[in-house]
2 protein chains.
Amino acid sequence: MGEDNYSLSSRVFRTIRENILSGKYEPEEELKEKTIGEELGVSRTPVREALRQLELEGLVTIIPNKGAYVVGISQKDIRDIYEIRSRLEGLCAKWAAENITKEQLDELEENIYLSDFHVEKGNSEQVLELDNRFHEILYNSSGSREMRHILVDFHHYLQRVRKVTLAENKRAVNSVSEHRKIVEALKLHDAELAEKLANEHIMNTIHNIDSHGWDHVFGE
Amino acid sequence: MGEDNYSLSSRVFRTIRENILSGKYEPEEELKEKTIGEELGVSRTPVREALRQLELEGLVTIIPNKGAYVVGISQKDIRDIYEIRSRLEGLCAKWAAENITKEQLDELEENIYLSDFHVEKGNSEQVLELDNRFHEILYNSSGSREMRHILVDFHHYLQRVRKVTLAENKRAVNSVSEHRKIVEALKLHDAELAEKLANEHIMNTIHNIDSHGWDHVFGE
DNA sequence: GCACGTATAATTGTATACAATTATACTGTT
DNA sequence: AACAGTATAATTGTATACAATTATACGTGC
């Protein structure tokens, strides 16, 4: 999220991840170190490191002495991840209600103010950015390094789906209004309510995809 | 868990992780590629790959061009992880109640039968092994690749703490009886009950550590 | 024509070599 | 003696070289 690490090695890592999430590398496709290295203009060494990291993230399967293969992500996988994430975001909001600072609350309110503006204008790029930031603030205000770590991982993982869902203007409007309610609960330090709202907020994303169909998410 | 991957590279990875979790490498300690390579009798290449993987797991922080440092794990971190895990194990048990097969139920019952035996005998090594297996079966019977993935990660992360808690015989007895109740709920396919019981089961571990003090977990 | 075995090529796994960066020690100046 | 600047060493980052393994192609026997 915040960590600006523009070394060559991490650039390779993120590029490959992006290519998997965007669908440039197809599911089950074999990722050859030499080929990717040539594509990105680097040697096999940083590519190998990246592939092994991506394996831990679950985006790639490595069969020793054979190769690295893109792990396909199914509709069910996305559903599962969202349901898992909804529980975690709920717990995160609960903790945030207990630990959030005045400054963090202020930034959340500013975030919502700006989101209203950009949703109105239909700037989906900025809306996505603000949504990212909203949840990032929540992760930080939970006061838990572990919670932050796991949710940031998920966030990366779902980046692809989120682009689609927030582009739908109707969902964007609802999403911001849900954010507003969460912030209200945080201001009252009402942990149970914050948990419930954050939980529902994530599940609404899935319901939204269900009602609009999954075609946008997968095929074009 | 199940994945037998005894390549040199993954051996290095697990050895370093073990050394961090066991405390051989102290918090904030700088891990030098050359030194570790010599310790393990390998070159820098596999060590580098391992360190970058460990960074993703959150056990190591890498500052580009400077070095890799062991991330200390605090009492609060462990608490947080257990609370996060309790929610996830709850959701996992809920899903398991909906998807578990006859064969998996049979293996769970056999697992409990054997656990009773080894708890009686005081074989903490076997008890730990059976406990690992019990939860592994649950992860598989959830029918969710994503759920399995995330819980296996946590499981590794907490291996160190779990050795201590299950060595306490009293906790071991309670733990097995909680397992039994979870299996009963699964047999009835009572998702809500299974979730509640699994959730409480994990939280009880933390309560147990609290009541016995944290000294065993950290210092000797 | 097909199965099998072997030779060849391609790919991964590991070690080493070199480049770039950072840390350390030394020297001279004030 | 304290400090700055520079040279040296140590360490990380990347590329390449070699070893081990796996995939492929080819030829031989049937």
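Chain naming here is simple, since letters A, B, ... match the order of the sequence lines and numbering starts at 1 in each.
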Using atom [atom1] of [X] as one end and atom [atom2] of [N] as the other, report the distance to the nearest whole Å.
X: A/Glu30; N: C/dT12; atom1: CD; atom2: C1'; result: 10 Å
X: B/Glu33; N: D/dT11; atom1: CD; atom2: P; result: 11 Å
X: B/Arg11; N: C/dG13; atom1: CZ; atom2: C1'; result: 14 Å
X: B/Lys34; N: D/dT12; atom1: NZ; atom2: P; result: 10 Å
X: A/Arg52; N: C/dT12; atom1: CZ; atom2: C1'; result: 8 Å

*For A/Leu114, which of A/Leu130, A/Val176, A/Val119, A/Val127 qualifies under side-chain contact (heavy atoms from CB on, under 4.5 Å)?*
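Among A/Leu130, A/Val176, A/Val119, A/Val127, the one meeting side-chain contact (heavy atoms from CB on, under 4.5 Å) with A/Leu114 is A/Leu130.
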*Could you check if a side-chain atom of B/Leu56 sits within less than 4.5 angstrom of a side-chain atom of B/Arg52, using non-hydrogen atoms only?*
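They are not in side-chain contact.
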*Watson-Crick and G-U pairing of DNA chain D, under 3.5 Å, as dot-bracket with | and [ ]*: ||||||||||||||||||||||||||||||
*Within 6.0 angstrom of B/Glu129 CD, more than 12 heavy atoms from elsewhere*: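 Counting other residues, nucleotides and ligands, CD of B/Glu129 stays at 12 neighbours or fewer.
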_B/Glu125, CD: over 12 other non-hydrogen atoms inside 6.0 angstrom_ =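 Counting neighbours around CD of B/Glu125, 12 or fewer heavy atoms of other residues, nucleotides or ligands fall under 6.0 Å, so no.
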*Which part of the nucleic acid, if any, lies within reach of B/Leu31 when heavy atoms closer than 4.0 Å are counted: base, sugar-phosphate only, or nothing?*
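It contacts sugar-phosphate atoms only.
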*Remember a base hit wins even if backbone is also touched, and classify B/Ile63 as base, sugar-phosphate or nothing at under 4.0 Å, heavy atoms.*
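Answer is nothing: B/Ile63 stays at 4.0 Å or more from every strand.
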*asked:* What residues from residues 35-44 of chain B pass a heavy-atom cutoff of under 4.0 Å to DNA chain D?
replied: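 Within residues 35-44 of chain B, the residues near DNA chain D are B/Arg44.
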*Is it true that a side-chain atom of A/Asn199 and a backbone atom of A/Glu195 form a donor plus acceptor pair closer than 3.5 Å?*
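A pair under 3.5 Å: no.
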*Look only at the side chain of B/Ser86 and the backbone of B/Glu83, and say whether a donor-acceptor pair between them is shorter than 3.5 Å.*
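At least one qualifying donor-acceptor pair exists.
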_I need the single residue from A/Glu38, A/Glu49, A/Glu33 that forms a salt bridge (charged side-chain N to carboxylate O under 4.0 Å, His left out) with A/Arg44. Which is it?_
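Exactly one candidate clears the test, A/Glu33.
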*Can B/His212 and B/Asn208 be said to form a side-chain contact (heavy atoms from CB on, under 4.5 Å), step by step?*
CA-CA 6 Å; B/His212 288 77; B/Asn208 181 63; 3.2 Å; yes
*Ring geometry between B/His201 and B/His179 (parallel below 30°, tilted from 30 to 60°, perpendicular above 60°)*: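 Geometry flag for B/His201 against B/His179: perpendicular rings.
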*Is the shortest distance from a Lys or Arg side-chain nitrogen in A/Arg11 or A/Glu18 to a carboxylate oxygen in the other one below 4.0 Å?*
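Answer for the salt bridge query: no.
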N/O to N/O distances under 3.5 Å, protein versus nucleotides 8-10 of chain C:
none

*With sequence neighbours excluded, give me every salt bridge (Lys or Arg N to Asp or Glu O under 4.0 Å) pair touching residues 67-77 of chain B.*
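Passing the test, one end in residues 67-77 of chain B: A/Arg145-B/Asp77, B/Lys76-B/Asp80.
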Nucleotide N/O to protein N/O under 3.5 Å, stretch nucleotides 20-25 of chain D:
residue: D/dA23; atom: OP1; partner: A/Lys66; partner atom: NZ; Å: 2.7

*Quick one: do A/Gln53 and A/Ile16 satisfy side-chain contact (heavy atoms from CB on, under 4.5 Å)? Show the steps, please.*
CA-CA 11 Å; A/Gln53 288 177 295; A/Ile16 298 176; over 6 Å; no
*asked:* Please enumerate all residues that pass salt bridge (charged side-chain N to carboxylate O under 4.0 Å, His left out) together with A/Lys66, with sequence neighbours excluded.
replied: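 Result, salt bridge (charged side-chain N to carboxylate O under 4.0 Å, His left out) vs A/Lys66: none returned.
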